[in-house]
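Letters go in sequence order (proteins before strands), and every chain restarts at 1.
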Protein chains: 2
Amino acid sequence: MNPTATRPYHHGNLRQALLDATLDLAAETGLDQVSLREVARRVGVSSGAPFRHFKDRRALMTAIAEEATRQLRIRVERDQQSAQGDAMDHLKVLGRSFLEWALSHPTQFRLVSSRQLFDFESSNSLKQHFAAVRSVTLALVAQAQQAGQLPASVPGEQLGMALRASAYGLARMAVDGQLPQWGVPASAEAQTALSCLDLLVETMRIGRYPD
Amino acid sequence: MNPTATRPYHHGNLRQALLDATLDLAAETGLDQVSLREVARRVGVSSGAPFRHFKDRRALMTAIAEEATRQLRIRVERDQQSAQGDAMDHLKVLGRSFLEWALSHPTQFRLVSSRQLFDFESSNSLKQHFAAVRSVTLALVAQAQQAGQLPASVPGEQLGMALRASAYGLARMAVDGQLPQWGVPASAEAQTALSCLDLLVETMRIGRYPD
DNA sequence: ACCTGAACACCGTTCAAGT
DNA sequence: ACCTGAACACCGTTCAAGT
């Protein structure tokens, strides 16, 4: 029961501690400003220690991106299972999952969408999580096309891309604080971004504009 | 006519030379990798020289961002003047101006949309150029609403925001090379992004889907 | 007025040496 | 197996000193 006897060295799990500390620091000063030395310092470990767990700075960032996209994927799949209604409603839920995730994890959202700080190509899990969300999107689009709610004349990939781009753009504008410039009060940012997304989906639906 | 006599010191215009060299280097390795020392080296000047022209690294990046948004604004205003058709057509042209600018100036687009590498709040010209493009958007949306082409029941700002987000998201996906993942062949990226944007605008138009 | 070049306080990364 | 801490080659930034 001697705690220091079983503790490997300094940490039970230095790897995870480094990831956590990086996110903490990023929340305070921004991801670009975070240095591995500072992370190591905060965790109470020497400057060389992180390199026992990550090949380099990019590898650490890639690990954070992997975990982030994993969480997004899980959230998307969970929300889809509990979603009600037709394919168009499911698409709205999908957009909502994405936006809510981005707004509640701004650091991770920024990292993942930077595509500069980490190495997308080298990570299979990253690619798989992305592909999973994409295939949910494309399946719903195909369903909606078959139900006559989205135009069958347009390739499903393009409709999916348009939806994804819209959600992504809105998330970005919200996270970067651009919404006030479009007349949105700070108190209603999340609300407005969400209803803007609903508007975009609704607008694509064949036969809407019932006014 | 002695050239060294009238030359201020090393350069006729070190400031501009630094900006140019930064963009050159960024195109090769990415903006984050660019160091001021490397820029100075390439320009053939000492490591301290850049600080005579820019308070710090961010100030240099801010100057590049200013020039970039100025160019975007000019392009948008020029293209609007030569545009034909109704307000919806003008909105398509607006999206096209934006997308084409982003695709032909990826470094500048990335910088401007990073909002981390430079100081948006400190630059009046930056804010003015942004506001100019935004007000073009909002004016066209208002026109389209009055012509019954866009829903009057939705605030113009939200429609503008939705359009801006879509264009922005598409530009980002294209510049970051995400289009192949959506079934777009590399040879047709620009084409597809543009037609996707047209699709989004067309889709919002009241009374379309003529099939 | 504009630039140099040393100086300072940082980095990321490596690697022998320690436990 | 995992960590330390010195070492190396870099940074951004400042500032006396030069022209």
Side-chain atoms of B:Asp56 come closest, of D:dT13, D:dT4, C:dT14, to D:dT13
Check: B:Arg15/B:His53 side-chain N/O donor and acceptor closer than 3.5 Å:
no
Closest listed nucleotide, where the reference is the side chain of B:Leu14 and the choices are C:dC11, C:dC3, C:dT13
C:dC3
Check whether more than 12 heavy atoms from other residues, nucleotides or ligands sit under 6.0 Å from atom CD of A:Glu28, and answer yes or no.
yes
On DNA chain D, does the nearest nucleotide to B:Ala49 precede the nearest nucleotide to B:Val34 from the 5' side, or the other way round? Give the residue.
B:Val34
Taking CE from A:Met61 and P from C:dG12, how many angstroms apart are they, rounded to a whole number?
9 Å
Identify which one of B:Asp198, B:Asp89, B:Asp79 satisfies the salt bridge (charged side-chain N to carboxylate O under 4.0 Å, His left out) criterion when paired with B:Arg96.
B:Asp198
Can you tell me the distance, in whole Å, between the CD atom of A:Glu38 and the C1' atom of C:dC11?
11 Å
How many whole angstroms separate atom CG of A:Asp32 from atom C1' of D:dC11?
15 Å
Distance below 4.0 Å between B:Arg52 side-chain N/O and D:dT13 OP1 or OP2:
no
Distance in angstrom units between B:Phe51 CZ and C:dC8 P, rounded:
17 Å
Stems of at least 3 consecutive Watson-Crick or G-U wobble pairs (donor-acceptor distances under 3.5 Å) involving DNA chain C, listed by first number, are C:4-8 with D:12-16, C:12-16 with D:4-8
When the distance from NZ of B:Lys55 to P of D:dC15 is rounded to whole Å, what number comes out?
14 Å
Between C1' on C:dC10 and CG on A:Leu36, what's the gap in Å once rounded to a whole number?
14 Å
I want to confirm an ordering. Mapping B:Gly48 and A:Arg41 to their closest nucleotides on DNA chain C, which one lands closer to the 5' end?
B:Gly48
Taken to the nearest whole Å, CD/B:Gln33 to C1'/D:dA9 is 16 Å
Polar side-chain atom of A:Arg110 near backbone of A:Ala102 as donor-acceptor pair, under 3.5 Å:
no
For the side chain of A:Arg37, counting heavy atoms from C-beta on, which of C:dC3, D:dC3, C:dG12 is nearest?
C:dG12
Regarding B:Arg172 and A:Ser113, is there a side-chain donor-to-acceptor distance under 3.5 Å anywhere?
no
Any idea which of D:dG12, D:dC11, C:dG5 is nearest the B:Arg57 side chain?
D:dG12
Tell me whether the side-chain N/O atoms of A:Ser35 come closer than 4.0 Å to OP1 or OP2 in C:dC11.
yes
Out of D:dT4, C:dC3, C:dG12, which has the shortest distance to the side chain of A:Val45?
D:dT4
Taking atom types as modelled, find out whether B:Glu77 and B:Gln81 have a side-chain donor-acceptor pair closer than 3.5 angstrom.
no
Quickly work out the A:Phe54 CZ to C:dT14 C1' distance and round it to whole Å.
18 Å
Is atom CD of B:Gln191 surrounded by more than 12 heavy atoms (other residues, nucleotides or ligands) closer than 6.0 Å?
no
